[in-house]
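Nothing fancy with the numbering, it's 1 onward along the sequence.
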Amino acid sequence: QVQLVESGGGLVQAGGSLRLSCAASGRTLRRSVMAWFRQAAGEERDFVSALSWNSGDTDTYYADSVKGRFTISRDAAKNTIYLQMNSLKPEDTAVYYCAIQTTPRLTIATVRDYNYWGQGVQVTVSS
């Protein structure tokens, strides 16, 4: 069992920055993938970014819409991942969800790839 708790959302003007955090408790995994998805009102939940790790090696992945503006990172000691969001745009407004994949899968960018989810945090970007 894994629990995920997100924090760091809020209201920001276009061009501003926010940093989201997702703390994982429960099982400690030497190999896994954690990701951020977002869901705007009336829309499907979309992939934003993921970070995979296998012992000391990590890889990061980004949706095209956030590449160059968002950065995902991980603090292994705190079992926490972060999403630094810069140059925010009104179209980034959504509820952001953290997720973890506790059993290896071949893909990392769909909702079905993850078996634990956080409760979500609202990010609102005003124009």
Side-chain angles (χ1 to χ4, degrees):
Q1 189 78 8
V2 178
Q3 294 80 42
L4 302 174
V5 178
E6 301 106 331
S7 61
L11 172 65
V12 66
Q13 288 188 331
S17 299
L18 283 174
R19 189 176 82 153
L20 305 183
S21 301
C22 175
S25 60
R27 296 165 57 186
T28 298
L29 301 168
R30 294 180 59 188
R31 173 186 177 183
S32 188
V33 181
M34 289 184 74
W36 290 97
F37 285 74
R38 66 187 181 186
Q39 188 166 18
E43 303 290 332
E44 294 186 349
R45 193 169 296 189
D46 292 328
F47 172 77
V48 174
S49 180
L51 186 150
S52 65
W53 72 90
N54 185 352
S55 296
D57 297 326
T58 61
D59 287 297
T60 58
Y61 309 86
Y62 297 95
D64 288 343
S65 59
V66 306
K67 208 171 288 183
R69 300 188 297 123
F70 291 10
T71 303
I72 192 170
S73 60
R74 176 178 176 249
D75 185 331
K78 296 182 179 179
N79 241 5
T80 298
I81 64 166
Y82 305 95
L83 186 68
Q84 178 66 43
M85 306 185 294
N86 298 329
S87 302
L88 282 161
K89 304 175 182 180
E91 52 263 43
D92 294 317
T93 295
V95 176
Y96 283 70
Y97 295 91
C98 172
I100 188 168
Q101 185 185 99
T102 58
T103 54
R105 296 182 65 94
L106 296 178
T107 55
I108 54 89
T110 73
V111 169
R112 281 175 287 182
D113 294 324
Y114 299 88
N115 48 339
Y116 291 99
W117 292 82
Q119 81 285 357
V121 61
Q122 178 70 45
V123 170
T124 303
V125 184
S126 64
S127 57

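- Side chains of Y82 and T71 form no contact here, defined as non-hydrogen atoms less than 4.5 Å apart.
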- request: Please assess Y61 against I72 for the test side-chain contact (heavy atoms from CB on, under 4.5 Å), listing each intermediate value before the final yes or no.
  value: CA-CA 8 Å; Y61 309 86; I72 192 170; over 6 Å; no
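- Atom OG1 of T60 sits about 11.5 Å away from atom CD1 of I81, to the nearest 0.5 Å.
- Separation of the W36 and F70 ring centroids does not fall under the 6.0 Å cut-off.
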side-chain contact (heavy atoms from CB on, under 4.5 Å) between Q1 and Y116, worked out: CA-CA 8 Å; Q1 189 78 8; Y116 291 99; 3.6 Å; yes
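- Distance CD/Q122 to OG1/T93: 7.0 Å, rounded to 0.5 Å.
- If you take CG on N79 and CD1 on I100, they are separated by 7.5 Å, rounding to the nearest 0.5 Å.
- Hydrophobic clustering places V95 together with W117 (ILVMFWY residues linked when any side-chain heavy atoms are closer than 4.5 Å, directly or through intermediates).
- Here the CD1 atom belonging to I108 is positioned 9.0 Å from the OG1 atom belonging to T110, to the nearest 0.5 angstrom.
- Between the N115 side chain and the T102 main chain, a donor and an acceptor come within less than 3.5 Å of each other.
- From R38, atom CZ reaches atom CG of L83 across 9.5 Å, with rounding to the nearest 0.5 Å.
- Put simply, the side chain of E6 reaches to within 4.5 Å of the side chain of Q119, judged on heavy atoms.
- Taking hydrophobic clusters as Ile, Leu, Val, Met, Phe, Trp and Tyr residues chained together by side-chain heavy-atom distances below 4.5 Å, V33 does not share a cluster with Y62.
- With F37 as the fixed residue, the ring pair (Phe, Tyr, Trp, His ring centres under 6.0 Å) test singles out one of F47, Y96, Y97: F47.
- Atom CG in L20 sits 12.5 Å away from atom OG1 in T80 (nearest 0.5 Å).
- Looking at L51 and M34, their side chains never come closer than 4.5 Å, going by heavy atoms from C-beta outward.
- Salt bridge K89/D92: absent, no basic N to carboxylate O contact under 4.0 Å.
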